[in-house]
Q: 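The structure under discussion is supplied below as structure tokens; questions concerning it will follow.
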Number of protein chains: 2
Amino acid sequence: MAGFVCSRVPGAFRRGSGRTCLHWRPPIQARLHISILAEGKSKFPWLEEGFREYEKRLSPYAQLHQLWVRDTPSLVRRTRQQRTAERVLALDASRGKSCTSEEFARLVFDELERGGSRITFVIGGATGLPEQVLSEAHHVLSLSSLTFTHQMVRLILIEQVYRAIEIRRHSPYHK
Amino acid sequence: MAGFVCSRVPGAFRRGSGRTCLHWRPPIQARLHISILAEGKSKFPWLEEGFREYEKRLSPYAQLHQLWVRDTPSLVRRTRQQRTAERVLALDASRGKSCTSEEFARLVFDELERGGSRITFVIGGATGLPEQVLSEAHHVLSLSSLTFTHQMVRLILIEQVYRAIEIRRHSPYHK
């Protein structure tokens with residue numbers, strides 16, 4: 001970016017010099033709010049530890065909200081509630097659209113822009129997502145055509161959200 | 001299965017009765033040997049713990065062999081070596097064939113039958129798998145069109161192998 005003062009090569013890129021510094025990363029300006037709405041609680045401590053690892057990595061850019069509900073009717077109610085203020089992305093292996101990590105990053109940031117930096121991902125329970133959630137979501141995505149446990153979906157999802165931010169920052173993480 | 005003596009309802013299904021017991025599960029008869037050949041070491045203790053959890057669950061049916069190599073030339077050499085005695089399945093997000101968990105289970109058991117109950121999965125490093133491995137593998141599979149860390153691929157893979165066995169056993173795990 002022309003005019004960016006590079007911290008690694010100070011003085012090399014002065015304002016108005018017209019040169020582009022390769023160390024420049026586009027900043028994640030707004031504080032992002034990412035909610036993960038899921039049914040049931042996690043049973044595995046190692047999965048929680050992995051989740052916390054990515055939550056920590058995300059913390060400079062985004063605040064993570066874990067919304068747990070007890071059953072499917074509560075999931076439908078809470079999705080409707082989230083939809084009034086945020087963009088809602090539902091995850092469904094068989095009915096969702098599959099995408100690459102770059103496409104996922106683009107979609108997430110487009111939706112964050114539309115939703116005032118707020119987005120909610122909805123993960124179903126063992127029986128998948130109910131019809132009402134699928135039809136009310138702004139997008140239905142598939143992380144894979146394989147079936148995962150819904151706890152594993154949470155871990156895969158948060159790693160992809162972190163990857164999306166690193167893709168946006170042009171960091172080498174996603175290479 | 002007709003003639004199967006059901007342990008839950010003893011006496012109900014006698015040999016030659018022609019009735020089918022719903023509790024019958026096809027046995028995993030041979031001891032399976034599943035190798036995971038990967039580059040680099042795992043950095044996250046929680047990932048190792050998750051891996052061990054599935055290794056333990058697999059232990060009544062399969063023995064897991066973790067083969068670590070230091071670099072890409074060693075990966076190519078070791079793949080060639082494994083190929084002489086076992087069926088080799090390479091994992092590549094962009095060039096592999098995607099499948100459902102049921103298709104994955106069918107493929108794994110077909111290959112275990114062909115390979116004398118021995119199968120090797122090859123996972124690449126940060127730069128993916130080299131051309132030689134992709135061309136020498138018996139199958140190239142894609143777990144997802146998303147990019148995962150290769151450590152996360154190990155965890156997803158072992159959960160799918162466990163799921164494949166549970167699908168084969170008609171257990172309710174995969175529902």
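Order of the sequence lines fixes the chain letters, A, B, ..., with proteins taken first and strands second; residue numbering starts at 1 for each chain.
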Q: Shared ILVMFWY cluster between A:F44 and A:Y54, side chains joined below 4.5 angstrom?
A: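 A:F44 clusters together with A:Y54.
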Q: Which atoms of A:T149 come close to chain B, meaning under 4.5 Å heavy atom to heavy atom: side chain ones, backbone ones, both, or neither?
A: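 Both parts, heavy atoms under 4.5 Å.
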Q: Between B:F104 and chain A, with a heavy-atom cut-off of 4.5 Å, which part of the residue counts as in contact: side chain, backbone, both or neither?
A: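 For B:F104, the side chain is the part near chain A, not the backbone.
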Q: Should the pair B:E102-B:R168 be classified as a salt bridge under the 4.0 Å nitrogen-to-oxygen rule?
A: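 Looking at B:R168 together with B:E102, the answer is no, because their closest N to O distance does not fall below 4.0 Å.
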Q: Side chain, backbone, both or neither: which part of A:E49 has a non-hydrogen atom closer than 4.5 Å to chain B?
A: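 Both backbone and side chain.
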Q: I'd like to know whether CZ of B:R95 has more than 12 heavy-atom contacts from other residues, nucleotides or ligands below 6.0 angstrom.
A: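 Result for CZ/B:R95: open.
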Q: Is a side-chain N or O of A:H150 found less than 3.5 angstrom from the main chain of A:E39, in a donor-acceptor match?
A: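 Checked: pair present.
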Q: Sort A:E53 into side chain, backbone, both or neither according to what part of it lies under 4.5 angstrom from a heavy atom of chain B.
A: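 A:E53 touches chain B through side-chain heavy atoms alone.
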Q: Under 4.5 Å from any heavy atom of chain B, what part of A:L47 do you find: side chain, backbone, both or neither?
A: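 When you check distances to chain B, no heavy atom of A:L47 falls under 4.5 Å.
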Q: Using a strict threshold of under 4.0 Å (side-chain N to carboxylate O), is an ion pair present between A:E48 and A:K43?
A: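 Here A:K43 does not pair with A:E48 in a salt bridge, since their nearest N and O are not under 4.0 Å apart.
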